[in-house]
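What follows is one structure encoded as structure tokens, with my remarks underneath.
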Amino acid sequence: MLGLERVTKAYSSRRGTVHALRDICLKIERGSFVTITGPSGSGKTTLLLTIGGLIRPTSGRVEFHGTDLCTLSERHLAAYRNQKIGFVLQSFNLIPYLSAYENTMVPMSLRNGATNNHEQKAKALLDRLGLADRMDHLPRELSVGQQQRVAIARALGNDPEVILADEPTGNLDPTLSAEILSILRDLNEKDGRTVIMVTHSPEAARMGRHHVRLVDGCCVEADGVAATR
Amino acid sequence: MRLRTLLWKELWLRKSRMMSGLLAITLGIAVIVGIQSVTAVSERAVKIKLDNLGANILVLPQAASVDDYYTADIDAPTFPEDYVERVATSMLPGVDNLSPKLTRRVKVGDVPVILTGILPANELASKPIWQSAGLAGAELAAACGPSPEVNKGRSFVDEKLQRKAIDSLAPGELLVGSVVGQRLNLKDGSKVVIQGREFTTARVLPETGTIDDDRIYAHLHVVQDLLGTGSQVSAIEIMGCCSAISDGLLGKLRNILPDTRITTIGQIVNTQIETNRLMAKVSLILLVIIFLVGAISIANYMWANVEERRREIGTLLTLGATRGSVYRLFLAKATILGLLGGIGGYLLGTFSALVLGPQLAGLAVEPVPVYLAWSLLFAVAIALLGSWYPTYRATRLDPASILQEF
Ligand SMILES: Nc1ncnc2c1ncn2[C@@H]1O[C@H](COP(=O)(O)OP(=O)(O)O)[C@@H](O)[C@H]1O
Ligand SMILES: [Mg+2]
């Protein structure tokens, strides 16, 4: 279970302070599918990265199964990102000099301890995503749809409980978008993972059983995930 | 897969870019090794020339003046020949080519000449006590300059300058200075009678323009016998390593031989010390310049590399890498580049010195294996120094802001 309690994030720079998130309160049950929408600059990415432990909020609490992420050390926060969260980003961010297969293994190799079975797990994941015949290709030798599927396979490397997707279809045409969205639905419905997805597209937004809308850093709609104050 | 796999893959798949960074270190090290190899040889060459200026320390009897050494009066004071062994067995560092001399004015027919008894080099070496001292001498030669073989092998022999290297001299033989030779009309092989004893002229020495031209050299023990002085000498000439002289060699000698006068031949020592200082300074300046150039060029490469990989760093942090592991990844890369550059630079530098040394400077250069260790150390230090800051900056980056940039 994920809980956000009065989360505020302010970016301070020489040009002044930007309030990217103001007083966000959410309660997301395990296994939910939540979509986040809002105009550009409304704080969607900031919200997602805050949940993922990449941004420490200026004030407020982010709780994962009762643990406040702010209290975790850098090392534990890294382990949280590595094992509990799978990130799928708009621009894929595959490592350019690694093959699809090796990219999929990166989160596994960042995990302390367990070093076995990486190859088998990576093969199984790429197989599941229909990339069995593209394993040894470098990212630049893959189509955008294939690259996004490699990114999803990589996000699943350590079998995370939560998938955080930031506009995963933003760079894809409608057919490919539908393909990626159905993969994400599978991850939610078949695997029972929590999926939180930022999107611009209304159809994609309709996929979520729960819905959050941000405007100017404020949560103006929190259908089914509103926390009772 | 391990995280370090990333390192190898990146180096391998971006070979061409890696090569430019590697080239910077390699060339830097190559220049250092090349210059150092040539400098080492030319330093030795200069030292050989300097040492050929002759002995630079004189041990004289307490009562003698330096004038006595040159004029060689009949009653000039003397001291026991054993003093030579005292110095030799003391194993003082920086002492080489001890040469005892006994000098007296004598007449050959009506012509006054200076007769000097010397011990040829081969007899010094053949005495057991000298052999043990010779060990120290070998080390000294390495630290301090030439052995006669090195000297000959490198064709630095200069007849006029070579006062010390008289390798062998039989009891019945003489070496004759050029002026005396002319006056007595002597040739190689001529017979000469001195104080009733017949000698053969082994060689008439080339003209030097010094007092030596008026001298006749004979074996020390023969001269002692002839003049009835017993086992006495009038001087010991010593070639002291000039750095040892600056470190107080004279004082140490005075402790061993308290009842003697020990002086340096000032001009020679000063020239030697000055020249050595100058060479050391030039080498140091070159080293500093090259260190800076090397560090800057590798820093430049690593900086560009880190900048180019910001997004990758952000991705790794997102996927659960700690800052420490990213830091280690980049520093490991720098170390590898340093090691490769060190080896490559050593090989390239040595090879260039071997090829160019003889052609450009007329010096036969030899590979110096110790430089390999120095090259590795130096290159890794440069690479780490150049990479440390960009890597530090990269790991300080906020992964969120990197990801939001794109
Ligand atoms: N690293 C940053 N430094 C300063 N301001 C930032 C930073 N990241 C985002 N912002 C600002 O915070 C606001 C929200 O950004 P973001 O979360 O990226 O919005 P969205 O994803 O909805 O477009 C924007 O006004 C943006 O300019
Ligand atoms: Mg965004």
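What's counted below: heavy atoms across the whole structure, side chains too, no hydrogens, waters or symmetry copies. Quick caveat, the model's predicted, so the values are computed rather than measured. Numbers restart at 1 for each chain; the letters A, B, ... are given by sequence-line order, proteins then strands.
The existence of a salt bridge linking A:Glu161 and A:Arg193 is excluded, since no basic side-chain nitrogen approaches an acidic carboxylate oxygen closer than 4.0 Å. Under a 4.0 Å N-O distance rule, the pair A:Asp159/A:Lys84 does not qualify as a salt bridge. For the pair A:Glu141 and A:Arg134, the salt-bridge criterion is not met [side-chain N within less than 4.0 Å of a carboxylate O]. With respect to the salt-bridge test (charged N to carboxylate O, under 4.0 angstrom), the residues B:Glu307 and B:Arg393 qualify.
Taking the six-membered ring for Trp and the full ring otherwise, the centers of B:Trp303 and B:Tyr389 sit less than 6.0 Å from each other.
Of the two parts of A:Leu89, only the side chain, counted from C-beta on, holds a non-hydrogen atom closer than 4.5 Å to a non-hydrogen atom of chain B. Of the atoms belonging to A:Gln83, not a single heavy atom falls under 4.5 Å from chain B. Using a 4.5 Å cut-off between heavy atoms, A:Leu138 touches chain B through its side chain atoms alone. With a 4.5 Å cut-off on non-hydrogen atoms, B:Leu319 touches chain A through its backbone and its side chain both. Contacts between B:Glu312 and chain A at a heavy-atom distance below 4.5 Å involve the side chain alone, from C-beta outward. With a threshold of 4.5 angstrom between heavy atoms, B:Arg323 approaches chain A through its backbone and through its side chain.
Looking only at heavy-atom pairs under 4.5 Å with chain A, the residue among B:Leu3, B:Thr318, B:Thr5 that has the most is B:Thr318.
With B:Tyr392 as the aromatic partner, B:Arg396 meets the cation-pi criteria of under 6.0 angstrom to the ring centre and within 45 degrees of the ring axis.
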